[in-house]
Amino acid sequence: AQKVTQAQTEISVVEKEDVTLDCVYETRDTTYYLFWYKQPPSGELVFLIRRNSFDEQNEISGRYSWNFQKSTSSFNFTITASQVVDSAVYFCALNSNYQLIWGAGTKLIIKP
Amino acid sequence: GAVVSQHPSRVICKSGTSVKIECRSLDFQATTMFWYRQFPKQSLMLMATSNEGSKATYEQGVEKDKFLINHASLTLSTLTVTSAHPEDSSFYICSAKVRGRSSYNEQFFGPGTRLTVL
């Protein structure tokens, strides 16, 4: 079965703190893709990253970084020095053949 | 590139009326478009997959007679909510798959349509 689990329903931190959003996935496919999306209050999904199953290199983009570990089927997302503008719901998703499997989302609240 | 638009962005209608939502790929051809529904504080739920020129494939539990999908061209898909009721109030998001890109299911998302049925 294909499944994405985001166990953290809501996280609240004070601005400038680092925060990690967890994502654990299940799939039997050997080739797959993992995604992170940001959904601000406006509702429009913002694409953050795509990672294929053959590339386990961690990635850093500014304050954002991602840790992909196939051994634990995890694809965690870390925001360093968080800012109020980072407040949003973040979704992790798994590409399986013809459709995306979505996690439940983690609501991130950054307090000033 | 790869921009998807939705119209309208927000609609309020009376119970019993029908509402049409348009999804357009502005700068690419989309062989496949997807329609999602998102209730407050929940994740996206795939409603249906539509391919240009053929009937849409609906997910289990989605009433095809209530949610009419027409994918008339490679750049336009429409979702019509027929005889809308308050429980149909939701955020509807479409996405489009770029024609010719088959290496993985890359989808580009529209900005969403917020439907409120009174």
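When reading the values below, keep in mind they use all heavy atoms of this one structure, side chains included, and skip hydrogens, waters and symmetry mates. Residue numbers start from 1 in every chain, and the chains themselves are labelled A, B, ... in the order their sequence lines are given, proteins ahead of strands.
B:K20 has no carboxylate O lying under 4.0 Å from a charged side-chain N of B:E22, or vice versa, which leaves the two without a salt bridge.
A cation-pi arrangement, defined by a distance under 6.0 Å to the six-membered ring centre and an angle within 45 degrees of its axis, is present between B:R114 and B:F91.
More than 12 heavy-atom neighbours from other residues, nucleotides or ligands sit within 6.0 angstrom of CZ on A:R63. Within a 6.0 Å radius of CG in B:L118, more than 12 heavy atoms belonging to other residues, nucleotides or ligands are found. Surrounding NZ of A:K107 are at most 12 heavy atoms belonging to other residues, nucleotides or ligands under 6.0 Å away.
For chain B, no part of A:Q6 is nearby; none of its heavy atoms comes within less than 4.5 Å. No part of B:Q6 comes within reach of chain A, as not one of its non-hydrogen atoms sits under 4.5 angstrom from that chain. Heavy atoms closer than 4.5 Å to chain B are found nowhere in A:F47, neither backbone nor side chain.
Contacts between residues 73-86 of chain A and chain B, defined by a heavy-atom separation under 4.5 Å, are made by no residue at all. Of residues 7-16 of chain A, not one residue has a non-hydrogen atom less than 4.5 Å from any non-hydrogen atom of chain B.
Judged purely by distance below 3.5 Å, without hydrogens or angles, the side chains of B:S50 and B:H71 pair a donor atom with an acceptor atom. Side-chain atoms of B:E59 and B:Y36 form no donor-acceptor pair, as typed in the model, at a separation below 3.5 Å. Judged by distance alone, the side chains of B:Q29 and B:E52 never bring a donor and an acceptor atom under 3.5 Å apart.
Judged by distance alone, with hydrogens and angles left aside, the side-chain atoms of A:N95 form no donor-acceptor pair with the main-chain N or O of A:L100 at under 3.5 Å. A donor-acceptor pair is defined here as one N or O able to donate and one able to accept, closer than 3.5 Å; such a pair exists between the side chain of A:S87 and the backbone of A:I110.
When ring centroids are compared, A:Y90 and A:W102 stay outside the 6.0 Å threshold.
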